[in-house]
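Reviewing the structure listed below.
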Amino acid sequence: MTLPSKEEFSEWFHELIQCAEIMDVRYPVKGLYVWFPFGFKLRQLVYAKLREIMDRDHSEVYFPALIPEQELGKEGEHIRGFEDEVYWITHGGLTPLDVKLALRPTSETAMYPMFKLWIRTHADLPLKVYQIVNTFRYETKHTRPLIRLREITSFKEAHTAHRNYEEAEEQVKKAVGYYKEFYDFLAIPYFIVRRPDWDKFPGAVYTIAFDTIMPDGRTLQIGTVHHLGDNFAKTFEIKYEAVDGNHYYVHQTCYGISERCIASLISIHGDDLGLVLPFEVAPIQIVVIPILYKGKEENVLELCEELVKKLGKFRVVLDKSEERPGAKYYKWELKGVPLRFEIGPREAEKREVVVSFRDERKKFSIAVEEINEGKIERWAEEMRKRLREKAIASMLQKLKFSRNLEEISDIVKSSVVMVHLCKDKSCGEEIEAKGGKLLGWIEEMPEFIEQSYEGSCVVCGRSGKLALTARSY
RNA sequence: GGGGCCGUGGGGUAGCCUGGUAUAUCCUUUCGGCUUUGGGAGCCGGAGACCCGAGUUCAAAUCUCGGCGGCCCCA
């Protein structure tokens with residue numbers, strides 16, 4: 001069970017999610033994968049944070065997975081964006097259905113007919129709901145676990161309705177804030193980018209996306225926030241009676257995060273030995289490894305048990321299995337356990353433990369008496385900081401700034417390229433002709449970027465703003 | 001959208017070109033036993049596979065066609 005080097009990212013990712021028991025890729029339908037118990041626990045812990053953030057400002061709901069054909073098709077632009085990849089249910093048993101049912105590719109058209117019933121007056125607004133569900137898309141490109149799926153199993157989608165455009169826009173900003181908090185928590189660096197008009201969500205006024213850079217230099221979209229204006233409200237006739245007695249269309253937003261957040265978590269922090277996980281989301285946070293010699297087991301195990309008891313607040317495993325210590329170290333490192341304690345006869349004698357952090361893999365000794373919950377939490381916080389700094393450093397290595405159109409086709413093969421670009425579609429097309437995809441314009445400057453926000457367009461020379469082009473997943 | 005490659009125990013593979021030697025190779029995994037334990041121990045014994053369907057043939061893991069599944073490249 002040896003992992004390929006992370007340099008060969010594609011193989012590394014594929015092997016790791018299996019070796020570390022995140023997902024089983026052997027399910028016999030293309031694009032569908034099985035969550036192992038360990039992977040599902042990781043998912044649960046990551047999504048618990050997402051829920052915590054969402055619950056502050058939204059109510060959780062559940063809408064059906066099946067959408068009747070006429071609802072899905074109501075919004076012209078929306079359906080054109082999805083029609084190639086919708087799964088259809090055409091039969092009930094052997095009987096052909098009068099009304100075909102779509103397996104939701106996303107839930108706007110499932111929710112908004114109900115929003116029409118729920119929203120009567122301004123007092124019903126704002127309406128803010130979210131759900132975490134599976135969605136289906138008939139992907140034709142090569143599918144990949146957690147990244148490109150035919151069944152997205154963990155789509156957190158939020159939908160809000162407001163009195164006017166400005167209030168909806170306020171919500172867009174809040175949503176961006178929520179997602180920042182979420183990815184900061186996971187120590188994953190990101191760009192907040194406004195997608196080009198020709199690449200926004202079908203039916204949206206505009207789309208803000210979170211993109212991160214994977215170890216192979218390709219970008220991964222890990223979150224989107226859409227301002228829908230009153231486009232869907234007009235289609236689904238979602239109106240409210242205002243204080244002035246008139247009826248107005250609501251303005252809506254929607255925003256989503258899928259299990260791609262876990263793909264980025266694994267890929268960005270992981271190393272040649274396997275997973276590296278932030279303490280808070282690690283399914284196993286601490287492993288205690290006894291080093292047993294014949295006749296000296298008792299004292300060692302006693303101290304181990306004492307330590308485990310002391311750490312009761314955390315997710316701890318005491319590994320008493322028959323393997324040798326070295327084999328155990330590799331095993332738990334593969335699983336990304338952030339903190340390891342080793343106790344052998346020497347430690348039992350002095351009431352000490354040997355400590356090793358997963359990210360640094362250095363060892364040091366500390367007295368058992370000095371270990372307490374506060375200390376562990378401080379270590380966890382330091383570890384998160386190290387992970388974040390390391391992630392930013394390797395992200396910057398794969399990011400290049402260019403003011404020369406000609407060199408872009410070469411750079412974009414291995415890196416994400418920053419350029420100044422105007423909003424003209426022809427200039428965007430010119431950039432995309434160099435091999436990358438135009439992700440869009442930086443919406444919020446990250447603190448780790450030094451380039452100026454404004455500059456002259458790399459294509460036409462008129463005034464432009466900082467934009468990103470890259471090969472993307 | 002276009003093109004190419006591939007499917008052998010749980011994982012990775014040899015054998016396929018040139019059909020028969022085969023009880024299908026080796027590594028890993030797994031189970032039992034002995035022994036060992038401070039960074040992937042060793043020995044002994046056991047378990048476990050030719051993707052599915054059709055065809056050609058006296059004979060198919062091996063050749064042909066179809067299906068399903070996987071991987072890669074180009075747009």
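Order of the sequence lines fixes the chain letters, A, B, ..., with proteins taken first and strands second; residue numbering starts at 1 for each chain. These numbers come from a predicted model, not from an experiment.
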Counting the atoms with a prime plus P, OP1 and OP2 as sugar-phosphate, which does [X] contact under 4.0 Å by heavy atoms, base, sugar-phosphate, or nothing?
X	value
Gly435(A)	nothing
Glu432(A)	nothing
Glu333(A)	base
Arg346(A)	base
Lys296(A)	nothing
Lys328(A)	nothing
Val354(A)	base

Considering only the [atom1] atoms, how many Å lie between [N] and [M], rounded to the nearest integer?
N	M	atom1	result
C73(B)	A60(B)	P	38 Å
G33(B)	A22(B)	P	36 Å
G11(B)	G67(B)	P	25 Å
A75(B)	U64(B)	C1'	32 Å
G3(B)	U30(B)	P	44 Å
G45(B)	G38(B)	P	26 Å
C43(B)	C5(B)	P	42 Å
C72(B)	G15(B)	P	23 Å

From [options], pick the nucleotide closest to the side chain of [X]?
X	options	value
Pro325(A)	G40(B), G38(B), U36(B)	G38(B)
His14(A)	C71(B), A41(B), G39(B)	C71(B)
Arg26(A)	C72(B), G38(B), G10(B)	G10(B)
Lys30(A)	G1(B), G69(B), U37(B)	G69(B)

For a 4.5 angstrom cut-off between non-hydrogen side-chain atoms, does Lys313(A) reach Ile376(A)?
no

What is the separation between atom [atom1] on [X] and atom [atom2] on [N], rounded to the nearest whole Å?
X	N	atom1	atom2	answer
Tyr293(A)	U35(B)	OH	C1'	15 Å
Lys294(A)	C34(B)	NZ	P	10 Å
His142(A)	G2(B)	NE2	C1'	15 Å
Arg471(A)	C72(B)	CZ	P	13 Å
Leu16(A)	G11(B)	CG	C1'	15 Å
Phe9(A)	C72(B)	CZ	C1'	17 Å
Met23(A)	G10(B)	CE	C1'	18 Å
Leu292(A)	G39(B)	CG	P	14 Å

Which residue lies more 5' along RNA chain B, comparing Gln18(A) with Pro145(A) via nearest heavy atoms
Gln18(A)

5' priority, RNA chain B, between Glu323(A) and Ser10(A) [closest heavy atom]
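That would be Glu323(A).
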
Does one side chain, of Asp319(A) or Ser321(A), offer a donor that lies under 3.5 Å from an acceptor on the other?
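The answer is yes; a qualifying pair exists.
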
Does [N] pair with anything, Watson-Crick or G-U wobble, both distances under 3.5 Å, and if so, with which nucleotide?
N	result
G42(B)	C34(B)
C5(B)	G70(B)
C65(B)	G53(B)
C16(B)	none
U23(B)	none

Determine, for Lys74(A) against Glu71(A), whether the closest basic-nitrogen to carboxylate-oxygen distance falls under 4.0 angstrom.
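Looking at Lys74(A) and Glu71(A), the cut-off is met.
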
For Leu265(A), run the side-chain contact (heavy atoms from CB on, under 4.5 Å) check against Val46(A), Thr212(A), Ile222(A) and tell me which one passes.
Val46(A)

Please confirm whether any donor atom in the side chain of [X] sits under 3.5 Å from an acceptor in the base of [N], or the reverse.
X	N	result
Glu15(A)	G12(B)	no
Lys141(A)	G1(B)	no
Arg340(A)	G39(B)	yes

With distance as the sole test, does Lys437(A) use its side chain to make a donor-acceptor pair with the main-chain N or O of Thr219(A) at under 3.5 Å?
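Not confirmed, Lys437(A) side chain does not pair with Thr219(A) backbone.
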
Do side-chain atoms of Tyr47(A) reach the backbone of Glu259(A) as a donor and acceptor pair under 3.5 angstrom?
yes

Arg324(A) side chain N/O closer than 4.0 Å to the phosphate oxygens (OP1, OP2) of A41(B)?
yes

Centroid distance under 5.5 Å and plane angle under 30°, Tyr330(A) vs G40(B):
yes

Tyr329(A) and its side-chain hydrogen bond (donor to acceptor under 3.5 Å, both in side chains) partner, picked from Glu323(A), Glu342(A), Arg340(A), Arg324(A)
Glu342(A)

Pair Phe357(A) + Phe364(A): ring centers closer than 6.0 Å
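Yes, they do, as the ring centres are separated by less than 6.0 Å.
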
